[in-house]
Structures are given as C-alpha cells and as structure tokens.
Amino acid sequence: MSLDWNLKQIRDYKKLYRKVGKGERGYSSTEPRVTLKSETERIIWLTMIIGIREITEKNWEQFYNRTNFYEKNTDNHLWMKSRNKLVPLYITKEQVHRMIGLSTNASTLTKNEFIKKVMSEDKFDF
C-alpha cells in the first residue's frame, strides 16, 4: 500500500515546500518546480512508523512524544556536523506543532503496540 498524505489543512501549507535547485533531481531551467522540505517529508514518513495517521490540536504532543521516543531508542534520526562532531538532529516540538492538519492513510498503533514495535527493532540491522 502506498503512503498517501494531505497537507492542505495545514496553516500556510505552501511554506512546507522549497524550490528545486540546479543540479537536483527534477530541476528545470524553464519551469520552476518545488519539492517538500526535508523536515516535512520526515514527519510524513513518521506517521507510518509511530502509528498516528494525523496531527491535530489534540494529539500533536502525543505525536511528538512518540517521535522523540522512537528517535532516541532506535538511533533513527538525522545527524549534523557541529564543531567537527556529529550531533543528532531530532524532530522538535515546534516542527510537529507546525504540521497540525497533516493527514495520511498510515495504519494506527495503540500505545502498547508502538512501544513493543520500537523495543523489538533490531538496532544492529545494517
């Protein structure tokens, strides 16, 4: 099954996109194109992983808490270089709150199903 999403209920949803730059896949010098910003794309994919299919005013903190738990217990997050060291780049509360209105067709997980899923992941699968 494909992951389908809708951003149109998010305030100023057009700001979740960026212009495709020269040298990037999909770039056109004659027709400007846009793509999702990386944090937008990450949060969309996280709906599938954490088992919450939409972000609302009522559940955004739960979405953030599951995301934070997942990232810190599985090392599945981005890294950035700071002062010649790699430091984790976690999804923030502000980024999740900004996505209120996102909806997807991801499957849902209860709190217990989610915890079991995270704790059973093979952390050394490479």
Side-chain angles (χ1 to χ4, degrees):
M1 174 172 84
S2 65
L3 177 62
D4 301 322
W5 64 87
N6 185 335
L7 305 176
K8 291 186 179 179
Q9 299 304 312
I10 299 172
R11 182 182 36 83
D12 295 328
Y13 75 92
K14 290 183 180 180
K15 292 182 179 178
L16 300 172
Y17 292 86
R18 64 174 182 78
K19 290 181 181 177
V20 175
K22 189 174 184 176
E24 288 185 274
R25 193 176 108 220
Y27 174 77
S28 169
S29 60
T30 58
E31 181 182 333
R33 296 193 179 156
V34 295
T35 189
L36 291 173
K37 291 181 178 178
S38 62
E39 61 268 17
T40 303
E41 202 165 340
R42 283 176 64 201
I43 291 173
I44 290 169
W45 285 105
L46 279 164
T47 63
M48 238 174 34
I49 295 166
I50 67 169
I52 297 177
R53 66 174 56 173
E54 61 186 11
I55 301 176
T56 67
E57 194 65 52
K58 289 184 178 183
N59 77 354
W60 75 268
E61 288 180 284
Q62 180 188 17
F63 189 100
Y64 169 76
N65 291 337
R66 283 195 188 189
T67 298
N68 188 260
F69 182 82
Y70 171 75
E71 288 180 323
K72 291 187 176 173
N73 283 284
T74 64
D75 278 338
N76 283 314
H77 48 76
L78 296 181
W79 295 88
M80 67 178 220
K81 198 170 189 177
S82 175
R83 298 182 184 173
N84 293 326
K85 287 184 178 180
L86 286 178
V87 294
L89 185 61
Y90 299 115
I91 294 288
T92 66
K93 283 185 176 185
E94 293 78 19
Q95 289 171 318
V96 172
H97 189 267
R98 169 73 178 93
M99 295 293 289
I100 291 174
L102 169 68
S103 62
T104 72
N105 65 334
S107 298
T108 58
L109 297 171
T110 66
K111 181 179 178 181
N112 288 337
E113 289 171 332
F114 166 72
I115 291 170
K116 184 178 178 181
K117 176 182 176 180
V118 171
M119 299 316 287
S120 68
E121 279 196 14
D122 186 357
K123 295 180 183 176
F124 303 103
D125 186 10
F126 41 83

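Basis for what follows: all heavy atoms, side chains included, without hydrogens, waters or symmetry-related copies.
Nearest heavy-atom pair, T108 versus E113, reported as atom, atom and distance to 0.1 Å: O-OE1, 4.3 Å. Across L7 and L102, no two heavy atoms sit closer than the pair CD2-CD1, 3.6 Å.
The shortest distance between side-chain heavy atoms of R66 and Q62 falls below 4.5 Å. Using a 4.5 Å heavy-atom cutoff, the side chains of I10 and R98 are in contact.
The closest donor-acceptor contact from the side chain of N68 to the backbone of K93 lies at 3.5 Å or more, if one exists at all. Panel note: side chain S2, backbone D4; no donor-acceptor pair is recorded below 3.5 Å. The main-chain N or O of F69 is found under 3.5 Å from a side-chain atom of N73 such that the two form a donor-acceptor pair.
Scanning for ring-ring contact (aromatic ring centres under 6.0 Å, His included) contacts around W60 gives H97, with sequence neighbours left out. Scored by the side chain to side chain donor-acceptor pair (under 3.5 Å) test, Q95 finds T92 as partners (sequence neighbours excluded). Not counting sequence neighbours, S107 has no partner by the side chain to side chain donor-acceptor pair (under 3.5 Å) test. Residues that satisfy the side chain to side chain contact (heavy atoms under 4.5 Å, CB included) test with N112, not counting sequence neighbours, are T110.
Screening residues 6-22 for side chain to side chain donor-acceptor pair (under 3.5 Å) gives R18-E24 as the qualifying pairs, with residues at least two apart or on separate chains.
M99 and L3 fall within the same hydrophobic cluster, defined by Ile, Leu, Val, Met, Phe, Trp and Tyr side-chain heavy atoms under 4.5 Å apart, directly or through other members.
Taking CZ from F63 and CD1 from I91, the interatomic distance works out to 8.0 Å, rounded to the nearest 0.5 Å. One finds the CE atom of M119 at 13.0 Å from the OH atom of Y70 (value rounded to the nearest 0.5 Å).
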Listing, residues 39-55 side-chain donor-acceptor contacts under 3.5 Å, not counting sequence neighbours, or none:
from : atom 1 : to   : atom 2 : distance (Å)
T40  : OG1    : L16  : O      : 3.4
R42  : NH2    : E71  : OE2    : 3.0
R42  : NH2    : L89  : O      : 3.3
T47  : OG1    : I44  : O      : 2.6
T47  : OG1    : T104 : OG1    : 3.3
R53  : NE     : A106 : O      : 3.0
R53  : NH2    : A106 : O      : 3.1

